[in-house]
Amino acid sequence: MEVISKATELQERIKGWKQKGLTVGFVPTMGYLHEGHLSLVRGARKSNDKTAVSIFVNPKQFGPAEDYNVYPRDFNRDAALLEKEGVDLIFYPGVEEMYPAGYKTYVEVEDLENKLCGRSRPGHFRGVCTVVLKLFNLIQPDEAYFGWKDAQQVIILKKMVEDLNLPVKIRPMPLIREEDGLALSSRNIYLNQQERQAALVLYRSLLLAEKMIKNGEREAARIREQMVNLISAEPLARIDYVEIVDLQTLEPLATIEGDALVAVAVYFGRTRLIDNLRFISGVVEK
Ligand code: PAF
């Protein structure tokens, strides 16, 4: 496994792979890897000749009051995990390599980026799209793997790929949970013991939504109300949003008819956690 930090060196390596006709699976990450990331790596390896992973805590997707400086980082541990998974290449650039002085270019996916998480994290998806497009340009992957945990990210990046005719397939992968249902996230490390316990209310609220949908409930307001009641009963939880939206447009739904996303964002102390379930072709995925 090779670790490359310079964009030009990365491009040379990728060129060599492409000249040999090898396919490239790519997993972009911000490091501090968990089983969720590793499941993406396994997906990429299974369907591609070469697997590249980027580790870059992207400053452009953090707001000024957010956790960029304290975001957990442990490159040596990440590299050991990726080596074990049989990854071929880690791209591990510094901030200057990705955004040299005078950097000016950004990517925006209108409308979609201002909904759900975009409302409380203005500029977040602009930063995500910008870094992902740069990484796609450098790595030229045939497939790129993302977790459904960040459902809005998946939907926005699919739209970016479609609108900009990028020759890459976005492969969303199932959300991975702890045994007790908490969705894996690098930010779970911020939770104290009480908050960690309280955070289980997210999964319980999704189980409730699932049950209602499976029992035939299609009125979004009724499902949402029950979820809000359940989460509000947890004293350590502070709701950012509970929404039921169309899976492509992210527009709020009155009635669930086609594919839908049930998404929640809740603060536990200073930590904001997100979770969701998707209702796709009549089947609940969570
Ligand atoms: O999902 C993430 O970890 C990040 O948003 C990504 C896609 C690596 C871009 O920085």
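Just follow the structure's listing: the first ligand is 1, and inside any ligand the first atom is 1. Values reported hereafter were calculated over all heavy atoms of this structure, with side chains retained and with hydrogens, waters and symmetry mates removed.
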message = For the aromatic rings, using the six-membered ring if either is Trp, is the centroid distance between F268 and Y190 under 6.0 Å?
response = no
inquiry  = Quick check on contacts: which atoms of ligand 1 are under 4.0 angstrom from a heavy atom of T29?
reply    = 8 (C)
ask   = Of the options R42, K149, R177, which is the one that meets E35 in a salt bridge (charged side-chain N to carboxylate O under 4.0 Å, His left out)?
value = R42
key: N/O separation below 3.5 Å, N58 to ligand 1   = no
key: Proximal ligand 1 atoms for V131, defined as those under 4.0 Å from one of its heavy atoms   = 9 (C), 10 (O)
message = Among all the protein's non-hydrogen atoms, which is closest to atom 1 (O) of ligand 1, and how far away is it?
response = Q153 NE2, 2.8 Å
task = In sequence, state the C-alpha distance, the side-chain angles, and the governing distance for Y71 and F62, and then conclude on ring-ring contact (aromatic ring centres under 6.0 Å, His included).
result = CA-CA 10 Å; Y71 193 85; F62 289 78; 5.8 Å; yes
K169 and E143 ion-paired at < 4.0 Å = no
request  = Note the single closest protein heavy atom to atom 3 (O) of ligand 1, along with its residue, its atom name and the distance in Å.
outcome  = M30 CG, 3.7 Å
ask   = So which heavy atom in the protein is nearest atom 4 (C) of ligand 1, and how far is it from that ligand atom?
value = Q61 NE2, 3.6 Å
Charged N-O contact under 4.0 Å between K6 and E97 = yes
note = If we number the atoms of ligand 1 from 1 as shown, the ones under 4.0 Å from a heavy atom of P28 are 8 (C)
request  = Using a strict 4.0 Å threshold on nitrogen-to-oxygen distance, state whether E162 and K158 make a salt bridge.
outcome  = no
